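Written out below as structure tokens is the structure these notes cover.
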Amino acid sequence: MKVFINKQIPEIGIHMLKDAGFEVFIPDHDNLSREEWIGYCQSHDMILSVGTEFKFDKDFFNECPDLKAIALYSVGFDHVDIQEADRRKIPVGNTPDVLSKATSDIAFLLMQSVARRASYNYEKVKSGNWGDFDPLHALGQELYGKTLGIFGLGRIGYEMAKKSKAAFDMEIIYHNRHRNEEAETELDAKYVSFEELISQSDVLSIHANFKPEQTELFNASVFEKMKDNAIFINTARGGFHNQKDLYEALTEHKIWGAGLDVTNPEPIYKDDPILELSNVCVLPHIGSATVEARNGMAKIAAENLIAVSKGEKMPAAANPEIYSEK
């Protein structure tokens, strides 16, 4: 089996594939054109895909009809046309669980950083503008006993809720497609409607898998209904929020602050005015950026392809329905 990996990944995944008898190819540069990418995909049996630069849409599958499997180096799979993969019986793997703690750490970090205006104050120190003590300047807010609202209480959302409950005794409310009985039992989480979520949350943190129909779900009309002390956190996908609307909500004091590990667009433009606000913290999509998480992702991605090469089910399939249909 020949596998194409579009970017370097931790060695553990590469060694696993080679030990399993795969012929592994990784280009010597990251900035592939679509033509180069398609060419490599056409000449290999399987793909281990890093990032979301290229889409696995119907055109892709038409151009690469002999593809046997796709292993994503991510949890999210919104850049894959799953229905088209299902139709062609192509298994698509992702990397759940292994980065849940790391990504929730970033959401937790952003919540605290925004609440205490850490980025703004760090820039003051860097610029030598520490200044005299001012009892009223750029005050933050405390999180103790506040209400954390989670949109998408899955693995990552659960870890965020658990941290927030333990550290700040926050009340947990959530909106999900399905009830999370574990969270309700262990964290006293309360299931609420979407309208209740946005109106009751002091901190609203997104942890759902992104779907096209949710594009810019968090927009001006939603921010208008949030508390004026609310902190908006997005570590899921930038497509969930309208960034212009978010900026206006912040500058018009409709909400209090925002912490983003994902932006819309991504990467964010360096002159985006939202970066100038004292109540905003933006990170460059580093949710899974720990040695432990990235090694774990490489291991799961390799395991997914190795299983297919043996005629077995992917252990972490984003489209397990293809197996039940068989």
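This one's a predicted model, so the numbers in the text were calculated from it and none came from an experiment.
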| field | D202 side chain to T147 backbone, donor-acceptor under 3.5 Å | value | yes
| field | N6 side chain to V50 backbone, donor-acceptor under 3.5 Å | value | yes
Polar side chain donor-acceptor pair, [X] to [Y], under 3.5 angstrom:
X    : Y    : answer
K146 : Q141 : yes
S193 : E196 : yes
E184 : Y174 : yes
S221 : N219 : yes
N209 : D78  : no

Side chains of [X] and [Y] in contact at under 4.5 Å (non-hydrogen atoms):
X    : Y    : result
I150 : I173 : no
S199 : K227 : no
V308 : M314 : yes
D105 : K163 : yes
I300 : P315 : no
S201 : L148 : no
E186 : Y158 : yes

What are the two closest non-hydrogen atoms of [X] and [Y], and how far apart are they?
X    : Y    : answer
A316 : P96  : CB-CD, 3.8 Å
A189 : L153 : CB-CD2, 4.5 Å
A301 : L72  : CB-O, 4.3 Å
P27  : Y40  : CG-CE1, 4.1 Å
L197 : L204 : O-CD1, 4.2 Å
S74  : H79  : OG-CE1, 4.3 Å

One thing to verify: whether [Y] and [X] come together as a salt bridge, which I'm taking to mean a side-chain N less than 4.0 angstrom from a carboxylate O.
X    : Y    : value
E63  : R34  : yes
D30  : K7   : no
D81  : K55  : no
D97  : R155 : yes
K58  : E84  : no
E252 : K254 : yes

Looking only at the aromatic ring of each residue, does the gap between the centers of [Y] and [X] stay below 6.0 angstrom?
X    : Y    : result
F56  : W37  : yes
F60  : F54  : no
Y120 : H137 : yes
H44  : F25  : yes

| field | Distance, nearest 0.5 Å, that separates CG of L99 from OG1 of T290 | value | 8.5 Å
| Inter-residue atom distance T235.OG1 - F240.CZ, 0.5 Å rounding | 10.0 Å
| Going by the salt bridge (charged side-chain N to carboxylate O under 4.0 Å, His left out) test, which pairs reach into residues 255-264, not counting sequence neighbours? | none
| said: Quick check: is I172 connected to L143 through a chain of hydrophobic side chains (ILVMFWY, heavy atoms under 4.5 Å apart)? | reply: yes
| Joint cluster assignment, V80 & V262, ILVMFWY side-chain distance < 4.5 Å | no
| So which pairs with a foot in residues 238-251 pass side chain to side chain donor-acceptor pair (under 3.5 Å), sequence neighbours left out? | E216-N242, N234-H241, H241-Q243, Q243-D272, K244-E248
